[in-house]
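Just so we're on the same page: letters track the sequence lines, and every chain starts at 1.
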2 protein chains.
Amino acid sequence: MRHGHKWGNKLRGCGFRLTIGREAIVDILSHTNSHMSAEDIFFALHADSPNIGLTTVYRTLELLEKNGIVSKYEFGHGRAKFELTEAYGNKPHHHHLICRKCGTIIDYSDFMEDELAYLKKTEAGLGKKYKFTIHQHSISFFGICEKCGAS
Amino acid sequence: MRHGHKWGNKLRGCGFRLTIGREAIVDILSHTNSHMSAEDIFFALHADSPNIGLTTVYRTLELLEKNGIVSKYEFGHGRAKFELTEAYGNKPHHHHLICRKCGTIIDYSDFMEDELAYLKKTEAGLGKKYKFTIHQHSISFFGICEKCGAS
DNA sequence: ATTGATAATGAAAACCATTTTCAATAAGGT
DNA sequence: ACCTTATTGAAAATGGTTTTCATTATCAAT
Ligand SMILES: [Mn+2]
Ligand SMILES: [Mn+2]
Ligand SMILES: [Zn+2]
Ligand SMILES: [Zn+2]
């Protein structure tokens, strides 16, 4: 449907327009469970919307990120990866395991209770000591995935 | 001194040669307490070693990283930053607070006991559940530093 | 010390993800 | 439908990093 999307309302509320391209891009993101690069999205888009340029994909992702609709990750394999945020997608709060060999990214939501306890204490302490206003945290583990074999 | 460096022995042991450039670069890194980009190092180098090219800086940093002598960080401000690792530098295990406005990076080593406890449990659990061999972790907090003012 | 195999280097060019430019187009309030 | 202006696509520019390649330096063997 053209109206009624939470993300659409958010953009509208900020004075941005709801365009075909933006809808198509959010649609791609909300129907995948992988982390896509701008180019990934551009190609996925080409099947149904061959007229949307890569430039628009980049611009849209930037807009969506600035409005808290997508998260941008730079895991170090050259290109940035994107996924809908918890608030606008369906994936719960999670972090990542990144394979150094094949680049596979595994989402995990385990031990979140422990994380919460640890973060709550740490963020409070750091914020106070360094007079730093923490907006978000990033926790990632790097190593070798099952398929690539341990070593 | 030309010989006797731990990092030099490490490289030697792996069949690499000890060159003027590599020494100068490690020297820069071991005499700073900030996180330097390849270009930062290149310019810092130019005072005493104006004949070392930026290409060599990049190549050396890659070599040092692959041998566990420096850590490479991509905090998302365009250029990668480097610092000596705990094993080869003098900075203890730490993580970072990154200001979204000015890019300032604050090292912190607080609450490491809590972190250790949290990580030990989490890494063990994740490794087992996802058959993933964890080599390293990354924990970072993003927000606004004192100078840039909270908002 | 000299030699020789080859690892390392600098300069310039290539690379490549992302950004900028700019004229054309489309969104949406009227 | 109309008008204002946000948005778009294509092409060019950007900028950090990598590659190429001919020259130089390291270091083990002599
Ligand atoms: Mn994810
Ligand atoms: Mn640091
Ligand atoms: Zn893998
Ligand atoms: Zn700041």
Just checking, is any N or O donor in the side chain of B:H137 or A:H95 under 3.5 Å from an acceptor N or O on the other one? no
Could you check whether the rings of [X] and [Y] sit parallel, tilted or perpendicular, using 30° and 60° as the cut-offs?
X	Y	value
B:Y73	B:H35	perpendicular
B:F43	B:H46	perpendicular
B:H96	B:H94	perpendicular

For B:F16 and for A:G53, find the nucleotide of DNA chain D with the closest heavy atom, then tell me which residue's nucleotide is more 5'. A:G53
Quick one: on DNA chain D, does B:F82 or B:R59 contact a more 5' nucleotide (nearest heavy atom)?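 The residue whose closest nucleotide sits nearer the 5' end is B:F82.
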Whole Å only: how far is the [atom1] atom of [X] from the [atom2] atom of [N]?
X	N	atom1	atom2	answer
A:E65	C:dT19	CD	C1'	15 Å
A:L63	C:dT18	CG	C1'	17 Å
B:I52	D:dA25	CD1	C1'	13 Å
B:R22	D:dT26	CZ	P	11 Å
A:L11	D:dT7	CG	C1'	13 Å
B:L18	D:dT24	CG	P	22 Å
A:Y58	C:dC16	OH	P	13 Å
A:E62	C:dT20	CD	C1'	12 Å

Considering only side-chain heavy atoms of [X], which listed nucleotide, [options], is closest?
X	options	answer
B:T55	C:dA8, D:dT19, D:dT26	D:dT19
B:T60	D:dC27, C:dT18, C:dT9	C:dT9
B:R17	C:dT18, C:dT6, D:dT7	C:dT6

Heavy atoms of A:Y130 and B:D110 approach each other most closely as OH-OD2, 2.8 Å
Using a cut-off of strictly less than 4.0 Å between a heavy atom of the residue and any atom of DNA chain D, enumerate the qualifying residues of residues 72-79 of chain B by number.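 Residues of residues 72-79 of chain B under 4.0 Å from DNA chain D: B:G78, B:R79.
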Within residues 25-51 of chain B, which residues have any heavy atom lying less than 4.0 Å from an atom of DNA chain D?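 By residue number: none to list.
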Going hydrophobic residue to hydrophobic residue with side-chain gaps under 4.5 angstrom, can you get from B:I144 over to B:F141? no
Quick check against the 3.5 Å criterion: does B:D40 have a side-chain atom that pairs as donor or acceptor with the backbone of B:S37?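 Checked: pair present.
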Whichever of B:G15 and B:L54 has its nearest DNA chain C nucleotide further upstream toward 5':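 First, find each residue's nearest nucleotide; the 5'-ward one identifies B:G15.
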Got a salt bridge between B:K91 and B:E86, using NZ or NE/NH1/NH2 to carboxylate O under 4.0 Å?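 No, no charged N to carboxylate O under 4.0 Å.
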Can you confirm if the NZ or CZ of A:K6 lies within 45° of the ring axis of A:Y88 and under 6.0 Å from the centre of its six-membered ring?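 Yes; both conditions hold, so A:K6 lies above the ring face of A:Y88.
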